[in-house]
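Just so you know, these numbers come straight off a predicted model, no measurement behind them. Proteins get letters first, then strands, A, B, ... in listed order; numbering begins at 1 in each.
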Number of protein chains: 2
Amino acid sequence: MEKYNRSIWIISKINNGLSNAKKMIRIDPWASRQYDYEKLTQFGIKKFENEWKDLPDPPFFYRRGIVFGHRDFHKIKDAIKNKKPWVVLTGLMPSGKMHMGHKIVIDQVIYYQRIGADIHIAVADIEAYATRGYSLKEAEKIATEEYITNYIALGLKPCNIYFQSKNSHVKDLGYILAKKANWSEVAAIYGFTGSTNMAHVFAPFIQAGDILHVQLDENGGLRPTLVPVGVDQDPHIRFCRDIAASHRLYSVVEQGGRTGVFVKGDENVEKLLDIAEKIAKEHGYEYERNDAYKAIYMDTSDVDEIDFELAKEERKLGNYGFIAPSSTYHRFITGLDGNKMSSSRPNHAIFLTDKPEEAKKKIWRAKTGGRISIEEHRKYGGEPNKCIIYELFTYGLIKDDKELQKIYEDCKKGEQTCGQCKKLAAQLMEEFLNDLKERREEAKDRIKEYLK
Amino acid sequence: MEKYNRSIWIISKINNGLSNAKKMIRIDPWASRQYDYEKLTQFGIKKFENEWKDLPDPPFFYRRGIVFGHRDFHKIKDAIKNKKPWVVLTGLMPSGKMHMGHKIVIDQVIYYQRIGADIHIAVADIEAYATRGYSLKEAEKIATEEYITNYIALGLKPCNIYFQSKNSHVKDLGYILAKKANWSEVAAIYGFTGSTNMAHVFAPFIQAGDILHVQLDENGGLRPTLVPVGVDQDPHIRFCRDIAASHRLYSVVEQGGRTGVFVKGDENVEKLLDIAEKIAKEHGYEYERNDAYKAIYMDTSDVDEIDFELAKEERKLGNYGFIAPSSTYHRFITGLDGNKMSSSRPNHAIFLTDKPEEAKKKIWRAKTGGRISIEEHRKYGGEPNKCIIYELFTYGLIKDDKELQKIYEDCKKGEQTCGQCKKLAAQLMEEFLNDLKERREEAKDRIKEYLK
């Protein structure tokens with residue numbers, strides 16, 4: 001079943017792959033659009049296929065391939081498996097209204113909270129001011145009334161939601177992390193030019209501050225950090241991972257089955273190698289020390305463990321000792337007309353605060369995978385992998401995988417018509433929206449429990 | 001007398017002017033050095049000659065031409081004259097030790113405090129970390145034990161000293177103000193290139209945050225703001241003035257004896273002109289309104305008043321409404337060898353924590369304006385305007401202008417020898433340092449009164 005549903009996505013990926021084969025992939029976090037996901041592996045994103053199989057109660061966004069890629073998810077799995085602390089950081093841009101595309105992030109956060117993650121959520125109010133013109137007060141109102149209320153209604157339990165403008169650690173890190181980057185590097189990653197607004201230039205640094213501040217001792221300390229994002233956010237992730245590494249005294253890498261530990265600077269090399277050597281001994285690993293190469297090679301393949309231990313030691317020396325954050329990547333939900341779902345195109349997005357009648361009207365106008373006539377549909381069968389209604393089912397409107405599978409098959413066979421699917425979608429959406437509305441009413445009084 | 005002392009500086013300026021006539025002036029706040037001060041007027045710095053004459057009890061740094069330039073000092077004079085609130089903002093870089101060159105800033109601050117200014121002092125701890133590698137804790141220790149203790153010992157009364165890393169308003173403004181600048185502009189002002197560290201790129205924005213945050217309602221509100229700086233800091237001042245202006249809805253300029261008020265954007269033009277028109281009426285000024293030009297011309301030469309009134313109105317509309325900060329510029333004190341005085345060259349700087357014996361030794365080695373032999377000195381006379389000892393006298397070691405003048409004349413006539421001057425300087429310095437040391441002891445317990 002899981003296999004089956006994944007195959008849908010794989011087919012669609014291959015289709016995309018063919019049609020976009022010659023296009024350059026340029027990931028731009030400020031202009032989201034659909035990507036040739038298959039090609040993203042070139043950037044170092046790994047496929048998220050088996051990583052989740054032994055996690056507790058795998059949710060629909062894993063089973064149905066919505067979360068399709070990752071970086072260093074093994075650090076998170078290891079923490080879950082060994083019941084060690086780990087943390088999830090996500091953010092919200094307080095602008096416009098929350099739509100089904102935003103929901104998929106919170107679905108993930110709620111799952112991670114349930115299986116033991118410490119949850120931190122940044123309200124990007126500084127970014128909202130700087131790049132979208134909202135005042136901090138407007139941003140606070142939108143964040144609270146629109147986003148946080150819906151998060152609670154969707155099932156988020158009390159956690160740490162904070163406003164960038166009120167979080168000193170984040171703001172400090174934004175400035176401080178800048179020390180290890182120069183203009184050329186930032187410009188290359190983000191495509192900045194001379195006419196780029198400086199508020200855009202600052203944004204990645206604040207986001208790196210968001211992601212890394214949860215590793216500060218004051219905010220829970222050093223632990224594996226997961227950032228679940230849409231794939232358009234990967235430049236931020238790569239940038240933040242680079243920044244984290246650049247603040248380390250050691251680099252720790254896998255080398256032919258061994259773990260290579262290298263002192264990065266030229267200061268205190270001997271002392272730093274002594275520390276690494278001590279760790280090797282404590283763990284009982286065979287090792288080879290080479291002072292001339294500023295290196296120690298340990299006979300262990302557990303790179304993460306050594307990296308983590310060394311980061312702890314770096315903190316004792318007064319350094320930041322960040323470990324590189326992990327990330328997962330989810331597909332964007334498509335707008336009802338087949339293009340991007342966005343607040344700026346309200347007729348093609350379903351908002352969590354839509355009245356059921358509105359939502360139903362939009363659903364009835366949605367693009368489907370149906371044929372041009374009932375007759376043709378019956379004859380040739382539908383194309384669920386091109387159908388926005390089917391996508392809505394996949395993104396959680398239908399909970400049961402068997403039910404989803406049956407619709408897929410019946411559509412392919414031409415036995416399920418678009419009218420039937422739209423009717424079902426409209427009915428499920430109505431139930432969902434009505435239920436959510438009720439829960440929002442209850443949520444309003446509980447917001448304080450969520451704010452740091 | 002005042003005239004006389006200024007003439008010394010004027011001669012020295014002319015000399016500089018001749019020798020440097022063909023050099024390009026490039027003001028670089030990160031590499032201070034002596035400038036061709038005369039040429040600075042090309043950048044819009046006005047000579048500070050008569051501005052101070054009717055201020056209460058003019059201090060030595062005015063009388064002796066140490067403060068030599070300004071921008072918009074008339075706003076400050078007007079506030080003093082009309083007993084309106086005004087504010088002084090200065091900053092300290094918590095690195096190294098405080099020397100006589102740093103003292104001249106605090107001399108000014110203490111004077112302004114005495115004549116009624118609200119004093120705010122930024123400890124640039126974020127900048128110290130980002131550009132000089134101090135941790136925030138190290139910076140705090142240096143700021144408190146070295147700088148603030150000396151400030152109190154020198155006579156500063158309780159005021160608002162804050163750490164950048166602990167001041168949310170400053171940090172927010174740093175990010176928020178960035179909205180109105182792009183990379184090309186910042187690069188042009190500061191000479192940034194691709195290899196410029198991003199922490200350097202952020203620094204001017206934090207400094208603009210420092211300067212403008214004192215105009216926020218929470219910190220005393222809209223009022224004339226004076227930033228007394230060394231001339232190498234002028235790029236920051238210009239940048240901050242530009243940033244302040246760019247956050248305004250109106251531009252207000254003198255036009256042929258009238259005040260021209262222009263609406264900058266294309267939104268709400270009529271409403272904004274209505275507001276300006278109302279102000280003209282309230283003040284009883286004749287005016288000419290031209291909606292097509294988005295302008296109102298008022299028959300008043302009091303540009304500042306109109307600018308201030310409009311800034312107040314902008315705030316009512318939810319905007320920042322900053323008024324451009326004023327600044328004064330002081331000369332750098334010279335190191336004892338005739339080059340720059342700097343913490344990095346401790347043998348040629350006198351530190352406020354030097355033991356009198358150390359200071360005296362340095363003074364005895366200092367470069368003077370004396371001739372190569374006593375005989376020649378007696379015959380041709382000395383050159384006080386080339387003498388570092390004389391400069392120390394001028395920078396406050398000798399309080400009395402008549403005494404200073406006598407030394408100048410006696411030196412020129414060859415009647416005062418370098419030995420006599422050094423002996424006097426050593427004695428005065430010893431008294432000053434001993435007295436200061438005693439006051440530092442008392443100051444230590446009072447630091448809390450100064451921190452916000």
Side-chain angles (χ1 to χ4, degrees), chain A residues 124-139 163-190 192-209 239 243 246 267 317-320, chain B residues 124-139 163-190 192-209 239 243 246 267 317-320:
Chain A
D125 60 346
I126 294 181
E127 232 182 304
Y129 174 86
T131 64
R132 311 208 177 180
Y134 289 97
S135 74
L136 296 181
K137 270 183 193 159
E138 284 166 340
F163 292 82
Q164 284 176 335
S165 73
K166 294 176 186 169
N167 190 315
S168 247
H169 293 146
V170 169
K171 288 185 284 187
D172 287 352
L173 281 179
Y175 289 120
I176 279 171
L177 298 174
K179 193 179 171 180
K180 299 284 185 180
N182 70 29
W183 170 255
S184 298
E185 290 158 6
V186 190
I189 294 173
Y190 292 101
F192 293 152
T193 66
S195 64
T196 300
N197 184 299
M198 290 303 292
H200 269 171
V201 176
F202 285 6
F205 291 92
I206 306 182
Q207 292 203 7
F239 177 66
I243 285 273
S246 70
E267 279 173 33
L317 300 172
N319 291 276
Y320 277 113
Chain B
D125 60 346
I126 295 181
E127 232 182 303
Y129 174 86
T131 64
R132 311 208 178 182
Y134 290 96
S135 74
L136 296 182
K137 270 182 193 160
E138 285 167 337
F163 292 82
Q164 283 176 335
S165 72
K166 296 177 184 168
N167 190 316
S168 248
H169 292 145
V170 169
K171 288 185 283 187
D172 288 352
L173 281 179
Y175 290 120
I176 281 171
L177 297 174
K179 193 178 170 180
K180 298 283 187 180
N182 69 30
W183 170 255
S184 299
E185 289 159 5
V186 190
I189 294 174
Y190 291 101
F192 293 152
T193 66
S195 64
T196 300
N197 184 296
M198 291 302 291
H200 268 169
V201 176
F202 284 8
F205 291 92
I206 305 181
Q207 292 204 7
F239 177 67
I243 285 273
S246 71
E267 277 174 31
L317 300 171
N319 290 273
Y320 277 113

request  = Report the option among Gly318(B), Gly194(B), Ser184(B) that has the most heavy-atom pairs separated by less than 4.5 Å from atoms of chain A.
outcome  = Gly194(B)

task = Can you see which heavy atom on Gly174(A) is nearest to which on Phe202(B), and at what distance?
result = O-CE2, 3.5 Å

query = Aromatic rings Tyr129(A) and Tyr320(B): how do their planes relate, parallel, tilted or perpendicular, breaks at 30° and 60°?
reply = perpendicular

request  = Under 4.5 Å, counting heavy-atom pairs only, tell me which of Thr196(B), Leu177(B), Ile176(B) racks up the most with chain A.
outcome  = Ile176(B)

query = For the atom pair CH2 (Trp183(A)) and CH2 (Trp183(B)), what is the distance rounded to the nearest 0.5 Å?
reply = 5.0 Å

request  = Could you pull out all residues at least two apart from Asn197(B) that satisfy side-chain hydrogen bond (donor to acceptor under 3.5 Å, both in side chains)?
outcome  = none

request  = Could you tell me whether a side-chain N or O of Tyr175(B) sits under 3.5 Å from a main-chain N or O of Lys171(A), the two making a donor and an acceptor?
outcome  = yes

message = Please find the pair of heavy atoms, one from Ser168(B) and one from Ser165(A), that lie closest to each other, and give the distance.
response = OG-O, 3.7 Å

